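Notes follow the structure.
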Amino acid sequence: MPLDEQYATIVDALPSDGDGLAAVGLGICWPNTSPFSAATEISIRAGETLTEAADRLKLRWSPRWLVDAGFVATDKTGAVVSHRKPSIGGGPITWSPDVRMCRVEDQVPNSTPAGSARYERRLAGEVALLALWHRAIEESGVGDMRPSGDIVGNTRGARFRDFLVYVLNAGLPQGWEARHEVSLTSIRGLHMRRGVGGRKSDIVVIDDGGRLVAVISSKWTWRSDRGTEAAQMVPLRQFRPDIPYTLVTAEFSRAKVVARESVEDRTYHLCPDWVGAWLAIGQSDEPRAEFPTLDDLVAQGRSVADNLGLAGLPDLLRDLKESGTIL
DNA sequence: AACCTATCGGCGGAGAAATC
DNA sequence: GATTTCTCCGCCGATAGGTT
């Protein structure tokens, strides 16, 4: 169960607030780098502010989101520019740190031509997500924990699961425990049953009395075909209907469907507010005008997440701790 | 080495909705 | 009414760790 050395040092300094947790979770599992990142290197004219350049270029995304998040823009002379400070020499914008956005959208292919409506929509969502994430790591004081390259294979799911186990163990009361790879036959009520076999649970939460509080399934991304038939569910539902079965995911484009239709008792999202902001941007005709600042995005994201009923990791911890104390 | 199990992630297409 | 765009569904290939 040990955390991979690559990210163990990061989660040792795990923040306790929701945004900080979300930032670390998203960071260590950072989805594949988006080729759209280069589109943030817009060309500014001498005498222009970033806002004026964005207006002229009719950007869907707002450079100010990045500035508010702590990115610094410089023009070709190396002079800092912002929504307030005009450029002296003009030229292409360089962002510091590098803009490295991630792809969370599987409906708009990487090959989509720049300028098309779908391209611009995906771009705006990716910029917003990067800004929200970057502000969170800045405010939490954790460094950039993103893997240097893209993660391939099934390792992202394992990272996410280990992260969740760590978060649970750090946030649950003394004596409680979150474990994964627990054999289902070791759960009272599932022993000596047919069809349980050698199956393992995803994550189980046990309280200080050794009682099973909940079973948690972690899925970095979600698809309808693999979301509904978790092998462990059937015996659990049949023999231990008293145990809540929950899902934690980081799925973006299907977040609404997950919240609405997944078979689990409850679902939680790694970063509900950011999904909310991302959805709001996708739906807006002019997101830059509608949400000029990063604070606007944060507020809108929270509102959308609330309306959709998306819960986050702090909600999961709270719900677990409030489990019944009367047997 | 071959096989098995588990987990993502990209993609194409069906059907609905919006737009012309 | 036709065409384009959007949303959603779920198929299945890629990858890796464990097992025989």
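These values consider heavy atoms only, across backbone and side chains, with no hydrogens, waters or symmetry-generated copies. Below, chain A is the first sequence line, B the second, and so on; all start at residue 1. Just so we're clear, the structure is a prediction, and the values are computed from it rather than from any experiment.
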I'd like to check the salt bridge (Lys or Arg N to Asp or Glu O under 4.0 Å) partners of A:R318; sequence neighbours left out, ordered by chain and number.
A:D315

How many Å lie between CG on A:L279 and C1' on C:dC8, as a whole number?
14 Å

Taking only residues at least two apart or on different chains, which pairs with a member in residues 74-96 of chain A satisfy salt bridge (Lys or Arg N to Asp or Glu O under 4.0 Å)?
none

Are A:E290 and A:S284 close enough that a side-chain donor and a side-chain acceptor fall under 3.5 Å?
yes

Rounded off to whole Å, could you give me the CD-to-P distance for the A:Q283 and B:dA18 pair?
12 Å

Between A:E251 (CD) and C:dT7 (C1'), how many Å, whole number?
13 Å

Any pair with a residue in residues 35-52 of chain A that passes salt bridge (Lys or Arg N to Asp or Glu O under 4.0 Å), sequence neighbours left out, goes on the list, sorted by first then second residue, please.
A:E48-A:R56

What is the nucleic acid contact for A:N32, judged by heavy atoms within less than 4.0 Å: base, sugar-phosphate only, or nothing?
sugar-phosphate

Report the nucleotide, chosen from C:dC9, B:dC8, B:dC11, that has the shortest atom-to-atom distance to any side-chain atom of A:V257.
C:dC9

Between protein and nucleic acid, restricted to nucleotides 10-12 of chain C and to nitrogen or oxygen atoms under 3.5 Å apart, what atom pairs and distances do you find?
| from | atom 1 | to | atom 2 | distance (Å) |
| --- | --- | --- | --- | --- |
| C:dG10 | OP2 | A:S224 | OG | 3.3 |
| C:dG10 | O6 | A:R254 | NH2 | 2.6 |
| C:dC12 | N4 | A:D225 | OD2 | 3.4 |

Does A:D106 pair with A:R223 as a salt bridge, N-O distance under 4.0 Å?
yes

Rounded to whole Å, CD of A:E120 lies from P of C:dC6 at a distance of 12 Å

What's the closest nucleotide to the A:T221 side chain, out of B:dC11, B:dC8, C:dC6?
B:dC8

Qualifying ring-ring contact (aromatic ring centres under 6.0 Å, His included) pairs with a residue from residues 58-115 of chain A, counting only residues at least two apart or across chains:
A:F71-A:H134

Atom pair distance, as rounded to whole Å: CZ in A:F252 and C1' in C:dT7:
18 Å

For A:I243, enumerate each residue passing the side-chain contact (heavy atoms from CB on, under 4.5 Å) test, keeping only those at least two apart in sequence or located in another chain.
A:L212, A:V215, A:R240

What does A:T249 touch in the nucleic acid at a heavy-atom separation under 4.0 angstrom: a base, only the sugar-phosphate, or nothing?
nothing

Taking the side chain of A:P109 as its heavy atoms from C-beta onward, which of C:dT7, B:dC11, B:dC8 lies nearest to it?
B:dC11

Nearest whole Å is fine: how far is C:dT5 P from A:R121 CZ?
11 Å

Please report the distance, rounded to the nearest Å, between CZ in A:R122 and P in C:dT7.
15 Å

Quick one: A:E105 CD to C:dT7 P, roughly how many Å, whole number?
9 Å

